[in-house]
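The sequence lines fix the lettering, A, B, ..., with proteins before strands; numbering per chain opens at 1. The figures here come from the full heavy-atom set of this structure, side chains too, leaving out hydrogens, waters and symmetry mates.
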Number of protein chains: 2
Amino acid sequence: MYIDIDFNSDEAIYIQLRNQIFMAIATSQIREGESLPSVRALADDIGVNMHTVNKAYTTLRQDGFLKVDRRRGAVVAVDVNKAVSLAKMRDYLRPLIARGICKGLSREEFKKLIDEIYDELQ
Amino acid sequence: MYIDIDFNSDEAIYIQLRNQIFMAIATSQIREGESLPSVRALADDIGVNMHTVNKAYTTLRQDGFLKVDRRRGAVVAVDVNKAVSLAKMRDYLRPLIARGICKGLSREEFKKLIDEIYDELQ
DNA sequence: CTAATTGTTATACCAATAATATAACAATTA
DNA sequence: TAATTGTTATATTATTGGTATAACAATTAG
């Protein structure tokens with residue numbers, strides 16, 4: 001796992017970490033059933049406190065991306081519920097699209113961005 | 001302007017306010033060149049402190065959605081720079097799309113969401 | 001001209017969050 | 001048996017979010 005954290009970012013470290021784990025799963029760098037590094041190992045690796053990594057793992061577990069097994073640690077296990085996922089994604093996207101409309105972005109430009117990011121993540 | 005704030009949300013009030021102003025501009029409830037309520041009036045209206053509204057206005061100004069005129073207050077004036085807007089939107093969307101891919105959302109489902117939200121905002 | 005309202009700035013305070021630092025526990029593993 | 005695991009607890013520091021007053025210069029309304 002190649003995690004790179006920007007310590008000067010205004011984005012919280014545990015959020016950056018969570019987003020990079022999203023990307024690692026989306027790009028199949030980590031696959032379903034595989035284990036993430038232990039909280040201590042990853043914290044040591046990227047140079048942050050154990051609890052910061054633990055917070056990222058905890059939110060990922062609560063949002064249904066990981067399951068924690070005593071024996072195997074944090075294992076990628078994605079709970080899939082299309083309806084719920086679509087509803088949440090709609091709420092995430094709404095203010096972003098409103099912002100884009102203000103700036104004159106068309107729906108075609110948004111769809112092109114979708115395609116580009118999809119291609120980038122595969 | 002119909003602003004409704006959820007005081008139990010974990011989303012900051014000034015962020016909720018900013019998002020609703022995005023939506024008001026996107027849906028043409030407020031139009032280019034029109035003024036927003038004064039910080040004091042809007043704060044009084046929604047029952048928050050003046051500085052909370054001021055913070056929302058300040059970020060909107062810094063991001064090129066408002067200009068402040070001594071005479072006319074906070075006026076909707078969107079700075080349009082397609083290249084910059086697209087680049088920023090790409091960065092906003094990337095972690096969201098990664099999240100969606102983890103949950104099994106296809107690019108077609110994303111594009112459908114784009115269309116639905118666009119329709120909703122018009 | 002006067003009084004009120006505007007955006008803006010400054011200061012102070014409180015609560016919540018982010019991040020760190022130790023430390024300990026039970027369960028598992030080598 | 002010793003080391004490592006996730007987890008929990010406590011404490012501390014810095015930052016952020018929100019509130020509360022207050023004041024200033026510029027503008028506007030009466």
Q.
Categorize Y57(B) for me: base, sugar-phosphate, or nothing, with a 4.0 angstrom heavy-atom threshold over every strand shown.
A. nothing

Q) Contact class for R72(A) (heavy atom, under 4.0 Å): base, sugar-phosphate, or nothing? A) nothing

For the hydrophobic clusters of this structure (ILVMFWY residues joined by side-chain heavy atoms under 4.5 Å, transitively), does one cluster hold both [X] and [Y]?
X: I101(B); Y: L66(A); answer: no
X: I5(B); Y: F22(B); answer: yes
X: F65(B); Y: I3(B); answer: yes
X: I13(B); Y: V53(B); answer: yes

(Q) Testing the basics here: between L105(B) and E109(B), what is the closest heavy-atom pair and its distance to 0.1 Å? (A) CA-OE1, 3.3 Å

Atom-to-atom span, [atom1] of [X] to [atom2] of [N] - whole angstrom:
X: Y14(B); N: dT16(D); atom1: OH; atom2: C1'; result: 8 Å
X: H51(A); N: dG6(D); atom1: NE2; atom2: P; result: 13 Å
X: L17(B); N: dG18(D); atom1: CG; atom2: P; result: 10 Å
X: N54(B); N: dT19(D); atom1: CG; atom2: C1'; result: 13 Å
X: Q16(B); N: dT16(D); atom1: CD; atom2: P; result: 20 Å
X: M50(A); N: dT22(C); atom1: CE; atom2: P; result: 12 Å
X: N49(B); N: dA10(C); atom1: CG; atom2: C1'; result: 14 Å
X: D44(A); N: dT20(C); atom1: CG; atom2: P; result: 12 Å

Would one find a side-chain N or O of [X] under 4.0 angstrom from OP1 or OP2 of [N]?
X: K55(B); N: dG18(D); value: no
X: T52(A); N: dA18(C); value: no
X: R40(A); N: dT7(D); value: no
X: S38(B); N: dT5(C); value: no

What is the pairing partner of [N], taking Watson-Crick or G-U wobble pairs with both distances under 3.5 Å in any strand?
N: dA26(D); value: dT5(C)
N: dA12(C); value: dT19(D)
N: dA30(C); value: dT1(D)

Q. If you check the A12(B) side chain, which of dG18(D), dT7(D), dG7(C) turns out closest?
A. dG18(D)

